[in-house]
There are 2 protein chains.
Amino acid sequence: MESHDLRNAGLKVTLPRVKILQILEKQLNERHLTAEKVYKILLSENEEIGLATVYRVLTQFEAAGLVTRHHFEGGNSVFELATADHHDHIMCMKCGKVDEFTDHVIETRQKEIADRLGYELTDHGLYLYGFCPHCRKS
Amino acid sequence: MESHDLRNAGLKVTLPRVKILQILEKQLNERHLTAEKVYKILLSENEEIGLATVYRVLTQFEAAGLVTRHHFEGGNSVFELATADHHDHIMCMKCGKVDEFTDHVIETRQKEIADRLGYELTDHGLYLYGFCPHCRKS
DNA sequence: TTGTTTGCAAACAATTTGCACCGAT
DNA sequence: ATCGGTGCAAATTGTTTGCAAACAA
């Protein structure tokens, strides 16, 4: 039951929030969705939820730590269900596919660079762009 | 003379283009400017150049490889004069200061990750966010 | 009931574009 | 003279907000 997660996050349990959370959980692969896409899925399920609400709910989810927002190059914001582990992203320039990965060497290195430059690191984003296995061939 | 660079890039030599290129070259430190900022500098130099033109020219410069466009988290696009070497960025969340760095370990590692996932890497962006030496104290 | 949340339409900010005029070659 | 370049204002796009109605607790 996602009502639990919502209440846990200090959010009142409402239909839009439950529905949107379900949609995010339903995406086994393709975990990265734009607000627009979430909205379209809602429409396709005959839900009467406005796009503005989708944005509001996703923003609240982000504040609550339930989802993470990303700004991929050139595009709009995409949202993904938050996970315990930190990970970075690699995206296909042709089909938009997104894969995730974690690399401890890079993580450590980032910290060292920040230290060397005297920065107190709070966040970081690493995005690789290219052509995925499938799109390379064609 | 930047007229040379322009002609070289296949761009006709016009006042707005020369002026904007000069402004970019003038920024010794603070090499990263938004279109808006370039526009304001132009105004402060009493140039009659529209904001739309600034965007158009910067986009052309990008296409010509003269400048690089970045999308920092949350903010607008920033442009910097292209350099021979590749580098990444670390930005202060408080004052907006941007520092550049290069790290070969990370570069190599990125390539390896892409290979492992079967991607043909075309581009990448690494952005670190934190508090700069100056802003940490206050 | 009572403070939240939603839907809709209007507001916004950043960026792009249409078009008549201007300017470089 | 020609054709691309520019200014301005209007259009687009992605996202946010104001407000009255609907809703969860």
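Lettering follows sequence order; numbering is per chain, from 1. The model shown is predicted, which means the values in this text are computed figures rather than measured ones.
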Legend entry - Modelled atom types, side-chain donor and acceptor of B:Glu100 and B:His32, under 3.5 Å: yes
Inset, instruction - Whole angstrom is fine here: how far is it from CZ in A:Phe79 over to C1' in D:dG14? - result: 11 Å
Inset, instruction - With sequence neighbours excluded, give me every ring pair (Phe, Tyr, Trp, His ring centres under 6.0 Å) pair touching residues 110-133 of chain A. - result: A:Phe72-A:Tyr127, A:His86-A:His124
Inset, instruction - Taking all heavy atoms of B:Leu117 and all of A:Pro133, pick out the closest pair and write down the distance. - result: O-CG, 3.4 Å
Under-3.5 Å N/O pairs linking protein and nucleotides 13-15 of chain C:
| from | atom 1 | to | atom 2 | distance (Å) |
| --- | --- | --- | --- | --- |
| C:dT15 | OP1 | B:Ser77 | N | 3.0 |
| C:dT15 | OP1 | B:Ser77 | OG | 3.1 |
| C:dT15 | OP2 | B:Tyr55 | OH | 2.3 |
| C:dT15 | O5' | B:Tyr55 | OH | 3.4 |

Inset, instruction - Could you run through DNA chain D and flag its stems, i.e. three or more consecutive Watson-Crick or G-U pairs with both distances under 3.5 Å? - result: C:1-14 with D:12-25, C:16-25 with D:1-10
Legend entry - Connected-component partners of B:Val105 among ILVMFWY, side-chain separation under 4.5 Å: A:Val105
Legend entry - Non-neighbouring partners of B:Ala52 that pass side chain to side chain contact (heavy atoms under 4.5 Å, CB included), sequence neighbours left out: B:Arg56
Legend entry - All pairs passing side chain to side chain donor-acceptor pair (under 3.5 Å) where residues 58-69 of chain B contributes a residue, at least two apart: B:Arg17-B:Gln60, B:Thr59-B:Arg69, B:Glu62-B:Arg69
Inset, instruction - Kindly write out the residues that satisfy side chain to side chain contact (heavy atoms under 4.5 Å, CB included) with A:Lys19, not counting sequence neighbours, or none if the list is empty. - result: A:Leu15, A:Gln22, A:Leu42, A:Glu45, A:Glu47, A:Ile49
Inset, instruction - For A:Tyr39 and D:dT13, give me the distance from atom OH to atom P, rounded to whole Å. - result: 16 Å
Legend entry - From A:Leu58 atom CG to A:Leu21 atom CG, the distance as rounded to the nearest 0.5 Å: 10.0 Å
Inset, instruction - Give the rounded distance in Å between these two atoms: CD1 of A:Ile20 and P of C:dT6. - result: 8 Å
Legend entry - For A:Arg109, side chain to side chain donor-acceptor pair (under 3.5 Å) partners two or more places apart: B:Asp103
Inset, instruction - Measure from CG on B:Leu42 to P on D:dT6 and round the result to the nearest Å. - result: 12 Å
Legend entry - Donor-acceptor side-chain pairing of A:Glu73 and B:His70 below 3.5 angstrom: no
Inset, instruction - Could you tell me which non-hydrogen atom of B:Leu33 sits nearest to which non-hydrogen atom of B:Lys37, and how far apart they are? - result: CD2-CD, 4.0 Å
Legend entry - Distance in angstrom units between A:Lys40 NZ and D:dG14 C1', rounded: 13 Å
Inset, instruction - Please name all residues satisfying side chain to side chain donor-acceptor pair (under 3.5 Å) with A:Lys12, sequence neighbours left out, ordered by chain then number. - result: none
Legend entry - Pairing residues for B:Asn8 by the side chain to side chain donor-acceptor pair (under 3.5 Å) criterion, not counting sequence neighbours: none
Which atoms of nucleotides 18-21 of chain D (N or O only) lie under 3.5 Å from a protein N or O atom, and what are those distances?
| from | atom 1 | to | atom 2 | distance (Å) |
| --- | --- | --- | --- | --- |
| D:dG18 | O6 | A:Arg56 | NH1 | 3.2 |

Legend entry - Within residues 6-19 of chain B: residues closer than 4.0 Å to DNA chain D (heavy atoms): B:Lys12, B:Thr14, B:Pro16, B:Arg17
